[in-house]
Colleague: 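Mind having a look at this structure? Questions to follow.
A note on names: the letters A, B, ... follow the listed sequences, proteins ahead of strands, and every chain is numbered from 1. Heavy atoms only: backbone and side chains are in, while hydrogens, waters and symmetry mates are out.
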Amino acid sequence: MTAVRASQGPADADHASHLLRQMLRIRRLEEKCVELYSAARIRGFLHVYIGEEAVAAGVLEPLAAEDCVVATYREHGHALLRVSAGAILAEMYGRLEGCCRGRGGSMHLFDAATRFYGGNAIVAGGLPLAVGLALADKMSGRHRVTACFFGEGAVAEGEFHESLNLAALWQLPVLFCCENNLYAMGTALARSESQTDIALKAAGYEIPAWAVDGMDVFAVEEAARRAVDAVRSGGGPHFLELRTYRFRAHSMFDPELYREKAEVARWMERDPIRLLKDSMDAAGQLPAETWETLQADVDAEMAAGVEFAEAGTLEPVEELTRFVYSDRTPGADQAGRAAG
Amino acid sequence: MKTTYREALRAALRDALERDGRVFLMGEDVGRYGGGFAVSLGLLEEFGPERIRDTPLSESGFVGAGIGAALGGMRPVVEIMTVNFSLLALDQIVNNAATLLHMSGGQFNVPLVIRMTTGAGRQLGAQHSHSLEGWYAHIPGLRILTPATLADARGMLWTALEDPDPVLIFEHGSLYNVAGELADDAGPVDIGTAAIRRPGTGVTLITYGGTLPAVLEAADQLAGEGIDAEVIDLRTCGRSTTQPSLAASAGRTGQWWWTRAGAAAASRLR
Ligand SMILES: Cc1ncc(C[n+]2csc(CCOP(=O)(O)OP(=O)(O)O)c2C)c(N)n1
Ligand SMILES: [Mg+2]
């Protein structure tokens with residue numbers, strides 16, 4: 001893959017349009033989700049990532065297929081870079097064809113085949129898990145990276161501190177990715193942390209840490225590539241604080257009483273998709289028909305995903321207690337197995 | 001061979017570490033210190049610091065790391081010094097270990113073993129004496145083992161490690177020094193059923209874990225009074241177990257009494 005600099009100069013056109021496509025896929029998937037939610041086609045919790053797409057797209061880009069991803073309940077975007085839109089949407093519909101047979105839903109997307117380890121709805125709950133996945137890799141002599149995403153709200157949790165300390169103490173191959181969108185539900189960072197410089201906290205654990213413009217997909221990708229390379233070559237855990245913003249409400253139940261519309265509007269001027277599109281336009285890398293085709297492709301992908309989900313089936317009631325425990329009958333066909 | 005409950009647990013750990021390269025022990029003071037209750041004494045020297053892994057005081061962190069390592073193909077044995085401290089890891093135990101298989105639609109089972117000391121009776125004060133295995137037994141997705149005998153101390157660990165799901169082993173603190181005979185070829189035991197520790201016909205006494213020795217003593221006393229008590233050791237707590245011997249025993253004796261450490265008194269069930 002082409003080495004990409006931060007956004008000062010034009011990047012390789014194919015690579016730029018690949019990143020543009022990835023971000024647009026995430027955006028359109030979630031716009032679809034909101035629409036389907038409003039139409040009561042999908043239920044439960046729904047936390048969208050709109051505005052933060054450059055983070056998932058930029059960080060997952062330099063990861064190898066065998067690298068693990070651990071994410072939060074705001075993980076549709078990360079999942080889409082590994083799992084098909086159809087399997088994700090079917091999961092939200094609670095259908096058997098979903099990536100977790102409809103058991104997980106929006107907040108618990110998992111996929112063993114692509115090493116996607118969720119989908120954790122306990123703030124900071126995924127960090128210790130990521131440390132353990134990395135521990136297994138290190139003990140087995142595998143040169144893999146575990147990328148662990150979490151919001152800046154997680155920084156106040158004990159599990160954040162326990163995990164950073166363990167990972168640094170044991171020099172484990174974890175890439176910690178803090179998605180700092182400035183709010184934890186309605187609590188602004190400055191209202192919850194005595195020290196708001198998050199990268200500094202990580203540095204306090206002797207972990208190399210950078211703050212990155214999370215709206216600039218090239219900046220994210222470059223920082224992630226540097227960190228992933230260092231982690232993979234035995235450099236121990238690394239930490240990225242990705243400064244971003246969520247354009248939509250925290251969840252579908254949030255009246256957004258805690259922030260000014262003007263603040264949201266200001267951040268929307270730095271929409272990561274628009275930033276990239278503008279820079280490609282300026283560099284003559286995105287002819288109008290290419291942009292049209294790209295949008296049409298993505299729209300078609302999401303429409304097909306919805307169709308797949310709509311056609312899905314519900315798990316039979318008799319299977320309700322399956323997967324509380326593993327099937328112990330000899331030779332039983334477990335849906336998937338923990339594997340190295 | 002003459003041995004103790006503690007030594008039987010250690011023999012089980014040694015056996016598991018020798019049998020399977022994926023097995024490792026991790027917890028607070030399991031290495032240099034030799035284990036808070038000296039169960040792992042000497043194992044660091046035998047197996048080295050990678051596999052006998054001292055952790056910081058981070059119950060949630062290292063239990064979660066155990067879950068992640070299990071997902072990553074290892075077979076971790078996590079030691080939590082006492083059940084009271086496991087409360088700091090409840091999030092990982094309940095929300096992750098017990099729940100991942102269900103949430104992932106069967107994709108991610110968690111072959112993790114967590115060992116911890118439980119129980120009262122050693123004058124350690126309220127915060128080191130709870131018996132919370134009954135609580136844990138209410139969590140779908142967990143298996144709860146309560147070895148009460150030398151054979152179970154020696155044999156339950158390997159079976160637990162072969163289980164595809166998370167298993168919590170509760171070692172009652174008052175049992176560690178119990179000494180007795182253990183067969184030279186003692187090895188893995190079944191973990192699915194209760195055991196009759198003393199057959200009888202007059203009354204059924206049901207217990208588990210650290211209370212077993214006291215209940216056996218009580219049965220001897222009852223024998224002196226002409227009552228022939230049957231003593232049943234549950235061996236496991238909770239829903240993942242079938243307990244056919246209970247009903248059969250009650251059918252024979254006509255009445256059941258149930259007791260455990262931590263319960264205020266014995267309760268008559270029938
Ligand atoms: C341990 C825990 N406490 C509270 C909640 C409820 N909750 C869900 S999301 C959230 C805010 C988290 O904010 P942040 O980590 O910044 O992530 P973001 O939603 O901004 O992506 C809260 C408080 C939870 N899920 N888990
Ligand atoms: Mg946040």
Colleague: So B:Ser60 and A:Glu162, side chain to side chain donor-acceptor pair (under 3.5 Å) or not? Walk me through it.
Modeller: CA-CA 8 Å; B:Ser60 204; A:Glu162 294 188 12; 4.6 Å; no
Colleague: If you count heavy-atom pairs under 4.5 Å between each of A:Leu127, A:Leu166, A:Leu109 and chain B, which one has the most?
Modeller: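 Between A:Leu127, A:Leu166, A:Leu109, the count favours A:Leu166.
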Colleague: Go through the atoms of A:Cys68 and report whether side chain, backbone, both or neither lie under 4.5 Å from a heavy atom of chain B.
Modeller: neither
Colleague: Rounded to the nearest 0.5 Å, what separates atom CZ in B:Phe108 from atom SG in A:Cys100?
Modeller: 8.0 Å
Colleague: Do you know which two heavy atoms are closest between A:Leu133 and B:Gly72, and how far apart they sit?
Modeller: CD2-N, 3.9 Å
Colleague: Looking at B:Ala98, B:Gly61, B:Gly21, B:Pro166, which has the largest count of heavy-atom pairs under 4.5 Å with chain A?
Modeller: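 Top option by heavy-atom pairs under 4.5 Å: B:Gly61.
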Colleague: Just how far is it from atom CD of A:Glu159 to atom OG of B:Ser58, taken to the nearest 0.5 Å?
Modeller: 10.5 Å
Colleague: Is the side chain of B:Gln107 donor-acceptor paired with the backbone N or O of A:Phe110 at a distance under 3.5 Å, no angle test?
Modeller: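 Checked: pair present.
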Colleague: Report the option among A:Gly125, A:Ala113, A:Gly104, A:Gly126 that has the most heavy-atom pairs separated by less than 4.5 Å from atoms of chain B.
Modeller: A:Gly125
Colleague: Mind listing the closest non-hydrogen atom pair of A:Ser140 and B:Met74 along with its distance?
Modeller: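 Taking A:Ser140 first and B:Met74 second, the nearest heavy atoms are OG-SD, 3.7 Å.
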Colleague: As an exercise: rank B:Met26, B:Arg53, B:Arg22 by heavy-atom pairs under 4.5 Å with chain A and give me the winner.
Modeller: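 Most pairs with chain A among the choices: B:Arg53.
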Colleague: Say whether, by atom type as modelled, one donor and one acceptor occur between the side chain of A:Tyr325 and the main chain of B:Leu142 under 3.5 angstrom.
Modeller: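 A pair under 3.5 Å: yes.
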Colleague: For A:Asp111, is it the side chain, the backbone, both or neither that has a heavy atom under 4.5 Å from a heavy atom of chain B?
Modeller: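 Both parts, backbone and side chain.
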Colleague: Name the region of B:Leu100, side chain, backbone, both or neither, that has any atom closer than 4.5 Å to a heavy atom of chain A.
Modeller: side chain
Colleague: Assess whether atom CD of B:Gln127 is packed by more than 12 heavy atoms of other residues, nucleotides or ligands within 6.0 Å.
Modeller: no
Colleague: Using a distance-only test with no angle check, is there a side-chain donor-acceptor pair under 3.5 angstrom linking A:Ser326 and B:Asn109?
Modeller: no
Colleague: Flag yes if more than 12 heavy atoms outside A:Glu310 fall under 6.0 Å of its CD atom; otherwise flag no.
Modeller: yes
Colleague: Using non-hydrogen atoms and a 4.5 Å limit, figure out which bit of A:Phe116 sits close to chain B: side chain, backbone, both or neither.
Modeller: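 Just the backbone, heavy atoms under 4.5 Å.
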Colleague: Identify which one of B:Val94, B:Asn96, B:Asp91 satisfies the side chain to side chain contact (heavy atoms under 4.5 Å, CB included) criterion when paired with A:Ile122.
Modeller: B:Asp91
Colleague: Can you say whether B:Phe24 sits under 4.5 Å from chain A via the side chain, the backbone, both, or neither, judging by heavy atoms?
Modeller: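 Only the side chain of B:Phe24 comes within 4.5 Å of chain A.
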Colleague: Do A:Met107 and B:Met103 come close enough that some side-chain heavy atom pair is under 4.5 Å?
Modeller: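 No, every pair of side-chain atoms sits at 4.5 Å or beyond.
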Colleague: Are any of the side-chain heavy atoms of B:Pro56 and A:Leu169 separated by less than 4.5 Å?
Modeller: yes
Colleague: Tell me, do A:Trp170 and B:Thr55 make a side-chain contact under 4.5 Å, heavy atoms counted?
Modeller: yes
Colleague: More than 12 foreign heavy atoms under 6.0 Å from CZ of A:Arg43: is that the case here?
Modeller: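 Check fails, neighbour count at 12 or below.
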